[in-house]
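Naming: A, B, ... by sequence-line order, numbering from 1 per chain.
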Amino acid sequence: MKTRLQGAAVEVDRIRSRLLAWYARTARDLPWRRSKNPYRVWVSEIMLQQTQVDRVKEYFARFLAAFPDVESLAAAREDSVLRLWEGLGYYRRARQLHAAARALVAEHGGRFPRTAEGLRALPGIGRYTANAIASIAFDAAEPIVEANSRRVLARLAGYGRPLDGPAGDEPAGDLPDRLVARRLVPRTAPGRFNQALMDLGAIVCTPARPRCSACPLAGCCAALRARRVDAIPAKAVPRTVKKIRETAVVLRHGDRVLVERRGPGAWWEGLWDFPCAVGGARGQPQGKKLGVVRYTVTQHAVARTVRVRRVVRRGAATVARRWVTVAGLADLAMTAPGRRIARLLKKPAAIC
DNA sequence: AAGTCGGGGCT
DNA sequence: AGCCCAGACTT
């Protein structure tokens, strides 16, 4: 069976059999692959969104130990879910995972929808994740296109234009990689095939210096035939980075410091951080400069000046403002720069 | 269709 | 310093 796409012939049967034979020998042993339990597959897929496999492994183990099933996750406090997620990034994923667990228990009796369409109705589950869960846990023949498989498919088809960035004149739902994926995914064990495609992208068909000589699909690869593997997929135009300065103030009262929880719409919603202001903190006593914490958030490069100031009185605690000891900060889900400031406070220089 | 959301590891 | 990563959601 052959299908022609963008001028590239993709040999479906040959690709399937060679890829699966390779996967049988080479598959990565990943913690979430040891069963087809939809809860485990779901948690792993949410964690893996825009996040590398090696970093997810330990988070996955800790999370499953704390919340082994959808009922325990639904019963948890959002704070404790965020604490386990701290450092993984994209915290909206954690809040939506928690919300979806509650919806599953409240409206589906704790059972997962078995179709991609049903799964997509849950918060945090988009096209990729719905298809991944449906194919891996429920054997639905849904294609998945993510960073790895997308690169493999673009090279197989010899697709020379950028796949992301400015979308150009193609409808997003019908990029050639999606069409190829739909043709390739078999009825039998579609989840295994999908994971094989991702493993090939992760192990052999890598972004830089792919190991084409070890590739089971080298004989089917249009990019290799055209000697354009290094040029495919084409790079998207990089976005310009915007520089931002801000000031954080650590207010100390006795052995306690003031922290605030990020509100709706703010970066790191739901996480705790020290009071922060854009630019310099004008009109306020400055306090002692403790250092500068630099971090980047997508296209923003932020330099956060950190100051420490002792106060005589402390305001009342609210749901979003707390006075906690430095040791007590360990129990809060903090932003990445907030956590770095917390570490600075343990040093002698933080005494004022 | 474009913009926004993080953060770590590697080169 | 830049590149890369098992994307989703809002506007």
What residue among A:E146, A:R93, A:R120, A:Q49 forms side-chain hydrogen bond (donor to acceptor under 3.5 Å, both in side chains) with A:T129?
A:Q49
Check: [X] side chain, [Y] main-chain N or O, donor-acceptor pair, under 3.5 Å:
X      : Y      : value
A:W42  : A:I125 : no
A:R151 : A:G201 : yes
A:R339 : A:G87  : no
A:R18  : A:A218 : no
A:T206 : A:A202 : no
A:R314 : A:L251 : no

Touch class at under 4.0 angstrom, heavy-atom based, for [X] against every strand present:
X      : result
A:A147 : sugar-phosphate
A:I125 : sugar-phosphate
A:V56  : nothing
A:R28  : base
A:R151 : sugar-phosphate
A:Y295 : nothing
A:W85  : nothing

P spacing across the pair C:dA8 / B:dG9, given as an integer number of angstrom
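That atom pair is separated by 24 Å.
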Pairwise C1' distance for C:dA6 and B:dT11, with rounding to whole Å:
22 Å
Rounded to whole Å, please give me the gap between CD in A:Q49 and P in C:dG7.
8 Å
Rounded interatomic separation in angstrom, taking CD1 from A:I46 and P from B:dG6
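Going from A:I46 (CD1) to B:dG6 (P), I get 16 Å.
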Could you check which of [options] has an atom nearest any side-chain atom of [X]?
X      : options              : answer
A:P207 : C:dC4, B:dG6, C:dA6  : C:dC4
A:Y91  : C:dC9, C:dA6, B:dG7  : B:dG7
A:W268 : C:dC9, C:dA6, B:dG6  : B:dG6
A:A336 : B:dG7, C:dT10, C:dA6 : B:dG7

What residues, two or more places apart in sequence or in another chain, satisfy ring-ring contact (aromatic ring centres under 6.0 Å, His included) together with A:Y23?
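A:Y23: no ring-ring contact (aromatic ring centres under 6.0 Å, His included) contacts found.
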Treat a base pair as Watson-Crick or G-U wobble with both distances under 3.5 Å, then lay out DNA chain C in dot-bracket form, 5' to 3', with | for cross-strand pairs.
|||||.|||||
Between C:dC4 and A:Q52, counting only base atoms on the nucleotide and side-chain atoms on the residue, is there a donor-acceptor pair under 3.5 Å?
yes
Does [N] have its OP1 or OP2 closer than 4.0 Å to a side-chain nitrogen or oxygen of [X]?
X      : N     : result
A:Y90  : C:dC5 : no
A:T129 : C:dA8 : yes
A:Q50  : C:dG7 : yes

A:D255 versus A:T325, side-chain donor and acceptor atoms under 3.5 Å:
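There is no such pair (donor and acceptor under 3.5 Å, judged by atom type) between the side chains of A:T325 and A:D255.
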If only side-chain N and O atoms count, and only distance matters, is there a donor-acceptor pair under 3.5 Å linking A:E45 with A:Y128?
yes
Do any of residues 297-305 of chain A sit with a heavy atom less than 4.0 Å from DNA chain B, and if so which?
A:V297, A:T298, A:Q299, A:H300
Check the hydrophobic clustering (I, L, V, M, F, W, Y; side-chain heavy atoms under 4.5 Å; chains of links allowed) and say if A:Y39 and A:V56 are grouped together.
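Yes, A:Y39 connects to A:V56 through the hydrophobic network.
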Residue whose nearest DNA chain C nucleotide is more 5′ - A:R120 or A:L30:
A:L30
Residue whose closest nucleotide on DNA chain B lies nearer the 5' end, A:P337 versus A:R209:
A:P337
